[in-house]
Colleague: 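Could you have a look at this structure, given as structure tokens, before my questions?
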Amino acid sequence: MIRLKAYLPLLVLFCALQTGSAQDLASFEKRVQVKTLPNGLTVLLLQRPQAPVFSFFTVVDAGDAQDPTGKTGLAHMMEHMAFKGTNNIGTTDITAETAALVKVEQAYADYDRENNRVVNHDEKKVAELKAAWEKARQDADQYVVKNEFGEIIERNGGVGLNASTGLDSTQYFYSLPANRLELWAYLESERFLHPVMREFYKERDVVMEERRMRTDSTPTGRLVEQFLSAAYDGSPYHRPGIGYMSDLQHFSATDAANFFKTYYVPSNMALAVVGDLDADKTFAVIERYFGRIPSGPKPEEYITAQTKQNSERTVLLRDPSQPFYVEGYQRPNFRDKDDPVYSVISSVMSDGRTSRLYRTLVRDKKIAVAAAGFSGFPGDKYRNLYAFYAVPSQDHTATEMATAIHEVVEKLKSDGVTPDELKMVKTRSKASLLRSLANNQGLAINLAENQMKYGDWRELFRRIDKIDAVTNEDVKRVANEVFVETNRTVGILETNKSTAKGAQQ
Amino acid sequence: MKTKSLIAVVSTALLLGSMYAQEATRNDATKHETAPKPAPTTTPGVATNWKQIGIPTLPPFKPQEPRRVVFPNGMVVFLTENHELPLISGSAMVRGGAASEPANKTGLVELYGATWRTGGTTKLSGDQLDDYLEARAAKVETGGGEENTSISFNCLKADFNDVLGIFVDLLRNPAFREDKLALAKKQMNSSISRRNDETEDIASMQQDILGYGKKSAYALVPEYATVATVTHEDMLQWHKQHTTPNNIIFGIVGDFDSKQMEATLRKAFGDWPKGEKVPDAKVVVEPEKPGIYIVDKTDVNQSEIRMISLGIVRKNPDYYALQVMNEIFGGGFSSRLFSNLRTKAGLAYSVSGAVGSGWDHQGLTVLEIGTKTETTTEAIKGLWEQVDLLKKEAPTELELKRAKDAILNSFIFNFDTPAKVLREQQTYEFYGYPRDFLEQYRSGVEKVTAADVLRVANKYVHKEDLKVLVVGNASEFGKQLSSLGSVTPIDITIPTPEAKASSTKAPGNTADGKAAIAKFVEALGGANKVNAVKTLHQMVSLQQQGMEIKIDQSIVYPDKQMQKMTTPQGEMTRVVTPSAAFIAMGAQVRDLPPSRRSFETASLKRDFLNVLQHTNDSKYTFSASGKEKIGEAEATVVDVDADGAKSQWWIGPDGKLLQEAFSEAGEAGPTTLTMKYSDWKSFEGLQYPTKFEMVNGEQSMGKMTLTSMEINPTVDPKLFERPTQAQ
């Protein structure tokens with residue numbers, strides 16, 4: 001399991017960076033403990049006794065890529081529902097409430113079926129069924145204690161309370177004073193042990209507002225949605241993570257509960273806790289509480305694979321907005337052996353004022369205000385895009401961005417990177433890891449994510465060695481394989497002047 | 001921040017994760033005393049109800065206070081040792097910021113903040129600094145803020161001496177190189193051009209204007225004209241006047257010995273002479289009148305609503321009670337706004353509200369909600385209802401307790417890292433707050449009662465004072481809103497960059513420019529023909545998007561124009577004169593918005609006959625800037641300044657005008673439009689084009705054909721009078 005050889009050079013490296021500090025990586029590593037509970041849940045613990053507080057990060061290995069067809073946005077909806085409480089948080093009478101919620105689901109299914117009926121669609125009947133559904137919701141709502149789950153956390157000094165859903169995974173996190181450990185273990189285990197799908201349809205309205213805010217009402221949001229749907233086919237990455245509006249108006253609490261049953265199983269989750277905690281006591285508490293979550297099989301991991309691209313695709317959006325340019329090239333998933341090579345490319349292309357894109361497009365040509373390249377658009381678990389974007393300066397067009405980016409990319413393909421650049425990237429990756437070690441929440445994120453993705457949190461450190469091993473030849477080889485026209489999707493946002501003018505009248 | 005970082009815009013756009021909440025900020029360590037309910041335990045050692053779980057006493061924790069040292073030259077230094085990792089970082093707050101920059105140079109401090117670092121030092125250019133620092137994975141960055149500017153660094157301990165050298169050099173010998181100032185100005189102009197793209201940006205800018213008043217430095221934003229006035233000299237001057245040791249509060253934290261570090265810093269800064277004390281900024285605060293204000297944005301399906309009034313200064317003794325009130329009202333997952341408007345009503349994803357507080361001036365009280373266009377009015381009423389409720393009844397004991405618990409139990413997160421404590425201490429020092437302000441805050445909050453909350457709600461929240469701002473699709477919610485009161489539209493047109501043409505090209509006349517114009521006059525039939533035109537009456541057919549519009553146009557030179565347009569939808573008359581500018585459609589008459597009026601006035605000034613009648617007027621200049629191919633013809637390019645109305649003319653080899661380019665302000669930033677002229681014909685000896693095409697980049701905006709023209713007809717002066725509106 002633990003390949004000592006792989007991280008020995010790392011220790012050497014950090015010792016070199018160190019000049020006699022009492023803290024070093026070796027001691028850091030000694031403080032991380034990993035346990036897999038009998039139900040399959042992987043738990044990581046890192047003691048960091050700087051102040052009597054702790055942070056945690058739970059990651060579920062399922063995101064909107066797992067949304068069933070016709071129910072896009074369901075993983076994200078489930079994440080919202082994980083704030084709605086349990087069978088004894090957020091309710092005045094769970095027995096009566098459960099019965100009422102069953103009725104809501106029956107009424108909704110009747111309404112939804114009638115509403116979607118194409119032949120013999122009867123508006124009157126739809127209206128009646130809708131009224132019945134709304135009545136059932138009102139009935140169920142009488143038992144609800146609003147936002148009690150979040151309130152308990154807040155009253156106990158919780159900060160940074162939130163959760164997020166990506167295409168690849170869903171995550172939950174916050175920080176608490178260290179004396180709230182047992183309360184935390186209770187709340188977070190109950191959350192996944194006895195969730196209740198209350199107030200589902202109001203929360204669905206909230207999510208629709210989130211969609212309007214992030215996608216519909218912003219020019220770049222609209223572009224990105226269309227860009228991704230053009231870049232991918234087959235792969236679930238072609239669908240918006242937030243969900244299509246019609247799916248948001250269709251899926252049900254039963255759908256969310258089914259999603260939960262399938263994917264929120266301990267074997268599909270990892271939990272990291274970092275802070276001023278006693279290791280033995282903490283593991284004991286975690287085992288007592290989280291050990292209650294019933295085990296379940298690791299869910300089906302198959303998804304339709306993205307087909308390899310064979311011609312350039314373009315999305316052109318004309319909007320009352322200043323221009324924007326993005327392009328993406330298909331690359332393999334994050335487990336690919338060349339993954340560190342892409343990191344090196346991103347760093348050389350995008351990091352700081354010495355980066356090639358900044359120097360060429362912003363500093364020298366003065367045609368852009370920002371430009372960068374990055375991997376993993378919109379996720380990295382499956383075949384994904386290496387993307388470049390540029391924000392044109394005033395009076396410059398998206399097309400000029402494309403030309404300039406291609407110039408920089410072609411130079412990378414022919415000449416690769418300089419020894420100085422390579423050295424700079426390597427120094428930077430070591431320093432940035434070091435900087436990430438002084439933050440409970442950041443560490444919890446890194447430990448849980450690396451454990452989930454690679455099956456071993458040590459990848460966080462091994463990554464540095466892998467980046468260290470990248471050569472100029474690697475960079476040239478990967479750039480020549482991937483950055484080719486037939487493998488490219490282009491997204492252009494162009495100012496629609498007639499609309500912009502009309503808007504002013 | 002006066003202009004939004006574009007990188008922030010992009011990263012938001014490309015960031016795809018959806019979150020449960022947009023933001024939730026909270027501020028710790030007492031026991032909660034809810035009576036435990038005995039309940040049966042199903043698993044040994046596992047509580048069946050959260051109320052059963054005991055909360056042990058939090059171990060005593062005293063954050064490490066930084067050591068404060070004052071150097072003889074007045075520089076205040078805070079030092080905090082933190083040996084967890086081999087890193088050192090530091091930051092200096094320098095007194096004086098955008099609040100005290102001259103209004104006609106708005107943007108100066110932000111440009112200073114950018115160019116301070118990128119412009120390098122007298123020894124090394126900014127680019128050289130980039131290479132030097134990046135090779136060490138170190139950062140030195142500068143910035144300009146409202147009340148202060150700042151410079152910070154972050155490096156591995158091993159590189160400290162190298163990085164400190166750069167840091168000190170930038171503080172003492174910055175160069176503000178011209179090329180980097182030009183780049184920063186270009187970036188700032190680009191931000192200006194993008195400021196109407198996103199609802200959020202529009203709302204934030206208008207929020208400050210409504211809250212502090214359009215003349216207030218807290219609301220002023222850079223414009224093309226103000227950016228153009230900022231010079232290299234301004235940078236040097238600002239630095240000399242502000243960035244002196246007695247105006248600096250410096251904090252440093254990391255893996256060092258505090259005594260040794262103090263000695264190092266004394267050596268680096270000890271011989272730096274004192275400067276003048278920076279005077280306090282005198283900022284005008286004249287909030288706009290309460291009412292409903294709308295900004296029309298046609299490409300959205302969600303309305304961003306803000307309710308705005310002045311808040312308090314943090315020194316105010318009511319600060320503690322207001323923080324508790326804010327927590328109850330709009331802070332976090334269990335607040336009234338979140339529970340009622342989001343959870344219960346499903347009206348919004350994003351909702352919040354708080355009486356704002358500033359360190360040295362009144363913050364803004366802002367209530368915010370983003371809701372679909374159809375529920376705009378409902379959301380406004382929902383916020384109003386919550387304001388009424390807040391003022392009518394004291395919070396329940398339970399609400400009060402929840403809010404105080406949330407603040408006090410999370411209190412430790414204010415000082416759980418040495419860097420946070422350091423930053424707090426620097427801030428207190430900067431604004432003249434006591435060093436134990438955080439402790440005062442804790443005891444202040446502990447004492448707050450339900451009656452205090454009701455009292456401060458009535459003292460600081462006034463519905464009748466609130467400016468209600470709605471940014472959204474006005475054509476769809478406009479009618480709804482008028483039921484709430486009178487509605488004032490806000491014109492967000494970005495003022496055209498007047499100085500833009502002249503900043504890149506030499507102003508005034510050039511011999512080539514005058515010669516090309518003289519040739520143009522000759523090509524039209526000579527000066528006598530040109531100067532004889534006093535009035536024109538034209539019939540024009542405009543083809544636009546497959547639709548024909550007939551235009552009946554009368555011009556009285558130099559400054560009156562009437563256009564009657566007949567469209568399939570009806571007839572519309574537009575009149576622009578020095579005394580009036582309006583559009584009449586049926587019985588409806590409305591004034592042109594100011595930006596449109598100035599555009600139309602400038603268009604008339606730019607009319608080529610009008611310009612050619614002023615070739616000897618000193619307010620009119622013609623400057624040739626070279627030759628350019630237009631199709632097959634080699635054209636002379638002339639920059640024309642017609643008494644402030646600027647355009648660029650391409651004059652062909654035959655002397656006739658081929659095309660004209662001019663700038664038009666617009667919601668999506670200024671646009672360069674080009675008018676192409678062709679098919680010149682003689683009208684009583686005067687050559688005049690009969691085909692026109694307006695082009696925007698590659699896109700044709702419409703083609704016009706002159707079907708008839710009368711020179712010097714009698715024009716009825718009544719045509720230009722504004723009809724009295726019959727309601």
Colleague: Could you check whether any side-chain heavy atom of B:Asn473 comes within less than 4.5 Å of a side-chain heavy atom of B:Asn301, counting everything from C-beta outward?
Modeller: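 Heavy-atom side-chain distance check fails, nothing below 4.5 Å.
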Colleague: Which bit of A:Ser175 is near chain B, if near means a heavy-atom gap under 4.5 Å: side chain, backbone, both or neither?
Modeller: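 For A:Ser175, the contact with chain B is made by backbone and side chain together.
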Colleague: Determine the option with the most heavy-atom pairs under 4.5 angstrom with chain B, choosing from A:Glu148, A:Arg359, A:Glu190, A:Arg212.
Modeller: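 The option with the most such pairs is A:Arg212.
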Colleague: Restricting to non-hydrogen atoms, name the atom on B:Leu85 and the atom on A:Leu434 that form the minimum distance, rounded to 0.1 Å.
Modeller: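 Scanning both residues, the minimum pair turns out to be CD1-O, 3.4 Å.
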Colleague: For A:Asn156 versus A:Leu176, what's the shortest heavy-atom pair and its separation?
Modeller: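 Of all heavy-atom pairs spanning A:Asn156 and A:Leu176, the closest is O-CD2, 3.7 Å.
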Colleague: Side chain, backbone, both or neither: which part of A:Leu181 has a non-hydrogen atom closer than 4.5 Å to chain B?
Modeller: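 No part of it gets close to chain B.
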Colleague: Parallel, tilted or perpendicular: which one describes the rings of B:Phe333 and A:Phe83, with boundaries at 30° and 60°?
Modeller: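 Plane angle under 30°, so parallel.
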Colleague: Determine the minimum heavy-atom distance between B:Ser190 and A:Val369, stating which atoms define it.
Modeller: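 Looking at all heavy atoms of both residues, the closest pair is CB-CG1, 3.5 Å.
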Colleague: Should B:Glu304 and A:Met213 count as side-chain neighbours, where that means a heavy-atom distance under 4.5 Å?
Modeller: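 No; the side chains remain at least 4.5 Å from each other.
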Colleague: Under a 3.5 Å threshold, yes or no: a donor from one side chain and an acceptor from the other, between B:Tyr224 and A:Gln394?
Modeller: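 Yes - a donor-acceptor pair under 3.5 Å links their side chains.
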Colleague: Under the salt bridge (charged side-chain N to carboxylate O under 4.0 Å, His left out) rule, what do B:Glu327 and B:Arg402 come out as? Steps first, then yes or no, please.
Modeller: CA-CA 9 Å; B:Glu327 186 70 33; B:Arg402 279 177 194 154; over 6 Å; no
Colleague: Locate the shortest heavy-atom distance separating A:Tyr237 from A:Gly379; write the atom from each residue and the value.
Modeller: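 The pair with the smallest heavy-atom distance is OH-C, 3.3 Å.
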Colleague: Could you look at A:Pro240 and say if it's the side chain, the backbone, both or neither that has a heavy atom under 4.5 Å from chain B?
Modeller: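 When you check distances to chain B, no heavy atom of A:Pro240 falls under 4.5 Å.
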Colleague: So what's closer than 4.5 Å to chain A heavy atoms on B:Asp127: side chain, backbone, both or neither?
Modeller: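 Backbone plus side chain of B:Asp127, per the 4.5 Å heavy-atom cut-off to chain A.
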Colleague: Using non-hydrogen atoms and a 4.5 Å limit, figure out which bit of A:Ala368 sits close to chain B: side chain, backbone, both or neither.
Modeller: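 Only the backbone of A:Ala368 comes within 4.5 Å of chain B.
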Colleague: For residues B:Thr118 and A:Arg353, determine if any side-chain heavy atom of one lies less than 4.5 Å from a side-chain heavy atom of the other.
Modeller: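 Yes. Closest side-chain heavy atoms under 4.5 Å.
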Colleague: Please classify the contact of A:Val144 with chain B as side chain, backbone, both or neither, using a heavy-atom distance under 4.5 Å.
Modeller: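 Neither; nothing under 4.5 Å.
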Colleague: Can you tell me which of A:Ala372, A:Pro323, A:Ala371, A:Ala178 forms the most heavy-atom pairs within a distance under 4.5 Å of chain B?
Modeller: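 If we count pairs closer than 4.5 Å to chain B, A:Pro323 comes out on top.
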Colleague: Nearest heavy-atom pair of B:Phe61 and A:Ala51: which atoms, and what distance?
Modeller: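 Here B:Phe61 and A:Ala51 meet closest at CZ-CB, 3.5 Å.
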Colleague: So, does A:Ser355 use its side chain to make a donor-acceptor pair with the main chain of A:Gly352 at under 3.5 Å?
Modeller: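 Here the side-chain-to-backbone pair exists.
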Colleague: Measure distances from A:Glu203 to the heavy atoms of chain B and classify the residue's part below 4.5 Å as side chain, backbone, both or neither.
Modeller: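 Only the side chain of A:Glu203 comes within 4.5 Å of chain B.
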Colleague: With only heavy atoms counted, which part of B:Thr371 is less than 4.5 Å from chain A, the side chain, the backbone, both or neither?
Modeller: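 Both backbone and side chain.
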Colleague: For the rings on A:Trp184 and A:Phe54, is their centre-to-centre separation under 6.0 Å?
Modeller: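 Here the rings of A:Phe54 and A:Trp184 have centres that are less than 6.0 Å from each other.
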Colleague: Report which part of A:His76 has an atom under 4.5 Å of a heavy atom belonging to chain B: side chain, backbone, both, or neither.
Modeller: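 Only the side chain of A:His76 comes within 4.5 Å of chain B.
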Colleague: Answer with side chain, backbone, both or neither: which region of B:Asn154 has an atom nearer than 4.5 Å to a non-hydrogen atom of chain A?
Modeller: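 Answer is both: backbone and side chain atoms of B:Asn154 are under 4.5 Å from chain A.
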Colleague: Are B:Arg136 and B:Tyr132 in a cation-pi contact, defined as NZ or CZ under 6.0 Å from the six-membered ring centre and within 45° of the axis?
Modeller: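 Yes, B:Arg136 and B:Tyr132 form such a contact.
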Colleague: Name the region of A:Glu421, side chain, backbone, both or neither, that has any atom closer than 4.5 Å to a heavy atom of chain B.
Modeller: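 For A:Glu421, neither part sits under 4.5 Å from chain B.
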Colleague: Which bit of B:Leu133 comes within less than 4.5 Å of chain A, counting heavy atoms only: side chain, backbone, both or neither?
Modeller: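 Contact with chain A: none, neither part.
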Colleague: Write down the atom of B:Gln302, the atom of A:Ser217, and the distance for their closest heavy-atom approach.
Modeller: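 What the structure gives for the nearest pair is N-OG, 3.4 Å.
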Colleague: As an exercise: rank B:Cys155, B:Ser335, B:Ser89, B:Ala348 by heavy-atom pairs under 4.5 Å with chain A and give me the winner.
Modeller: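 Option with the top pair count is B:Ala348.
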Colleague: Considering only heavy atoms and a distance below 4.5 Å, find which of B:Asn82, B:Val300, B:Asp159 pairs most often with chain A.
Modeller: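 Looking at each option in turn, the highest pair count goes to B:Val300.
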Colleague: Highest number of heavy-atom pairs under 4.5 Å with chain B: which of A:Ser432, A:Pro392, A:Gly73?
Modeller: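 So the answer, after comparing A:Ser432, A:Pro392, A:Gly73, is A:Pro392.
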Colleague: Is B:Ala182 in contact with chain A via its backbone, its side chain, both, or neither, using a 4.5 Å heavy-atom distance?
Modeller: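 Neither the backbone nor the side chain of B:Ala182 comes within 4.5 Å of chain A.
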Colleague: Answer yes or no: is there a side-chain heavy-atom contact under 4.5 Å between B:Tyr349 and A:His80?
Modeller: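 With C-beta onward as the side chain, the pair touches.
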Colleague: Chain B: which of A:Val362, A:Val207, A:Leu187, A:Asp168 shares the most heavy-atom pairs with it under 4.5 Å?
Modeller: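 Going by pairs under 4.5 Å, I would pick A:Val362.
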Colleague: Among A:Gly150, A:Ala163, A:Gly63, which residue forms the greatest number of heavy-atom pairs with chain B at distances under 4.5 Å?
Modeller: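 Most heavy-atom pairs within the cutoff with chain B belong to A:Ala163.
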Colleague: At a 4.5 Å cut-off on heavy atoms, which part of A:Tyr358 comes close to chain B: side chain, backbone, both, or neither?
Modeller: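 Contact with chain B: side chain only.
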Colleague: For chain A, find which of B:Thr199, B:Leu347, B:Asn340, B:Asp179 contributes the most heavy-atom pairs closer than 4.5 angstrom.
Modeller: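 Of the candidates given, the most pairs with chain A belong to B:Leu347.
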Colleague: With a 4.5 angstrom heavy-atom cut-off, which part of B:Ala345 approaches chain A: side chain, backbone, both or neither?
Modeller: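 For B:Ala345, backbone heavy atoms alone lie under 4.5 Å from chain A.
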Colleague: Less than 4.5 Å to any heavy atom of chain B: does that hold for the side chain of A:Arg211, its backbone, both, or neither?
Modeller: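 No part of A:Arg211 comes within 4.5 Å of chain B.
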Colleague: Is B:Lys344 close to chain A through its backbone or its side chain, or both, or neither, when contacts mean heavy atoms under 4.5 Å?
Modeller: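 Answer is both: backbone and side chain atoms of B:Lys344 are under 4.5 Å from chain A.
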Colleague: Heavy-atom distances under 4.5 Å only: say whether A:Arg204 touches chain B with side chain, backbone, both or neither.
Modeller: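 Neither; nothing under 4.5 Å.
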Colleague: Is A:Lys366 in contact with chain B via its backbone, its side chain, both, or neither, using a 4.5 Å heavy-atom distance?
Modeller: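 When you check distances to chain B, atoms from both the backbone and side chain of A:Lys366 fall under 4.5 Å.
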